[in-house]
Amino acid sequence: MLMTALGLMSGTSLDGVDVALIETDGRRVTRLGPSDYRPYSDLERALLRQALADAAQLTNRQDRPGVLAEAERMVTMAHDEAVEGFLSRQRVARQAIDLVGFHGQTVLHRPAQQLTVQIGAAAELAKAIGIPVVHDLRAADVAAGGQGAPLVPVYHRALAGALKLPGPIVVLNIGGVSNITYIDGELLIACDTGPGNALLDDFVAKTTGEPFDRGGQLAAQGRPDQRWLDEALQQEFFAQAPPKSLDRNQFARLTLPELSPADGAATLTAFTAAAIAKIVPLLPRPPHSWIVAGGGARNPVMVQMLRDYLAPATVSCADAHGWSAEALEAQAFGFLAVRALRGLPLTYPATTGVKIPITGGLIARP
Ligand SMILES: Nc1ncnc2c1ncn2[C@@H]1O[C@H](COP(=O)(O)OP(=O)(O)OP(=O)(O)O)[C@@H](O)[C@H]1O
Ligand SMILES: CC(=O)N[C@H]1[C@@H]2OC[C@@H](O2)[C@@H](O)[C@@H]1O[C@H](C)C(=O)O
């Protein structure tokens, strides 16, 4: 049975809440609807950064020490506003939505300790918006020994099935952290590859006060520090075979030498691109076609560096295939919510390392 779902994603970039409408039976996607965005204010972003710092102490995923309780209330409210804003701006009737897929905000991700924590109160959200909410989509996978991420590969597979590109195809998401889905016929492999925009955003915010390097303008004026890059790329994570996943701040300890804002931005942009290319020798066959989504697809300097590192494979933007680079993850959480409701698998041994394909998620009804 077809359902109309709204997916809500608040990613590791801490930039805001993406909302997207999708019509699906959990296997096929029959319609991609409108999407919307509710940015975090500077104050809200600062609260989230503090929440990430306070979450580093967590040993129990239910605990909310420090500012975590306050941050959780803010996240719930921002998602409520995101849904209400979507419904009014996109002129969609509330009754037209069967289900909401709510990711929440990851504040800690340590699958080796069976710990993944997303904040946001689903029961309150369901009550506020009057629509059933599927949430906590990573926990079952982590509890069963999986990485709990990435979750979007099943959605990438559903979309890529309709493309006429030479395979293997890789769908690459460059959000706060970067992750890939490798699709070769029936074979699906996925993992996080390393940094996305988070390190670059943090550096740009610190050195210029801007939230990110818009259009790659800063990086375009700088030159990567090749020595630093060569060393940073030696980290063990890059040599590990998939599946593997990352916490947003896993690379935060890496410090750049004294560099100008432009050279620092160029270096971190190159780090993201080079780290993505490091996955190629760990895949069964070299990918033929790469499709880039996520905020990184909006950074032409990053995309050009990727083309250089990944040649002779082709690199195209999700938008060129009629997908939405920005709304893809939010759509994925709508799709995952429908799969969860149906009891269909969300994750597989080759996407998260979980022993058998498993479903996940909890449902909160209004
Ligand atoms: N016009 C642009 N130019 C350069 N960079 C951009 C642009 N637009 C977005 N970005 C980058 O993309 C980031 C947001 O990406 P995205 O929305 O995919 O993140 P996310 O949803 O938090 O991701 P994830 O959950 O996958 O980590 C911004 O923080 C910024 O670094
Ligand atoms: C733990 C967590 O929130 N991970 C995010 C993060 O952001 C990108 C990458 O790291 C990916 O693994 C994941 O998000 C996407 C939506 C996923 O699960 O597929």
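Order of listing sets the numbers, starting from 1, for every ligand and every atom in it. Below, each value reflects all heavy atoms present in this structure, side chains not excepted, and no hydrogens, waters or symmetry copies.
The distance from ligand 2 to the heavy atoms of F333 drops below 4.0 Å at these ligand atoms: 16 (C). Listed by atom number, the atoms of ligand 2 under 4.0 Å from V152 heavy atoms are 16 (C), 17 (C), 19 (O). Atoms of ligand 2 found under 4.0 Å from any heavy atom of E329 (numbered from 1 in listed order, with element): 15 (C), 16 (C).
In terms of polar-atom proximity, defined here as any N/O pair under 3.5 Å, M9 makes no such contact with ligand 2. Considering backbone and side-chain atoms alike, D192 places an N or O below 3.5 Å from some N or O of ligand 2. The shortest N or O to N or O distance between T106 and ligand 2 is under 3.5 Å. The distance criterion of under 3.5 Å between nitrogen or oxygen atoms is not met by A149 with respect to ligand 2.
No hydrogens or angles considered: a donor-acceptor pair under 3.5 Å links the side chains of Q226 and D230. T314 and H288 share no side-chain donor-acceptor pair at under 3.5 Å. Defined by atom type and a distance below 3.5 Å, a donor-acceptor pair is missing between the side-chain atoms of Q217 and D213. A donor-acceptor contact closer than 3.5 angstrom links the side chains of Y40 and S10. Side-chain N/O atoms of T352 and Q147 include no donor and acceptor closer than 3.5 Å. Under the 3.5 Å distance criterion, with hydrogens and angles disregarded, no donor-acceptor pair is assigned to the side chains of E124 and T76. With no hydrogens or angles considered, no side-chain donor-acceptor pair links N179 and D192 at under 3.5 Å.
Residue pairs meeting the salt bridge (charged side-chain N to carboxylate O under 4.0 Å, His left out) criterion with at least one member in residues 73-89, sequence neighbours excluded: D36-R89, R38-E81, E84-R94.
Within the 3.5 Å criterion, the main-chain N or O of R61 finds a donor-acceptor partner in the side chain of R64. With hydrogens and angles disregarded, no donor-acceptor distance shorter than 3.5 Å links the side chain of T193 to the backbone of I276.
Among all protein heavy atoms, the one lying closest to atom 17 (C) of ligand 2 is L151 N, 3.2 Å. Among protein heavy atoms, the minimum distance from atom 5 (C) of ligand 2 is reached at R138 NH2, 3.7 Å.
In T12, the part holding a heavy atom less than 4.0 Å from any atom of ligand 2 is the side chain.
Pocket lining of ligand 1, defined as residues with a non-hydrogen atom under 4.0 Å away: M9, G11, T12, S13, D15, N173, I174, G175, G176, V177, N197, D201, F212, D213, R214, G215, G294, G295, G296, R298, N299, E329.
When the side chains of ILVMFWY residues are joined at heavy-atom separations under 4.5 Å, either directly or via intervening members, F251 and L52 end up in two distinct hydrophobic clusters.
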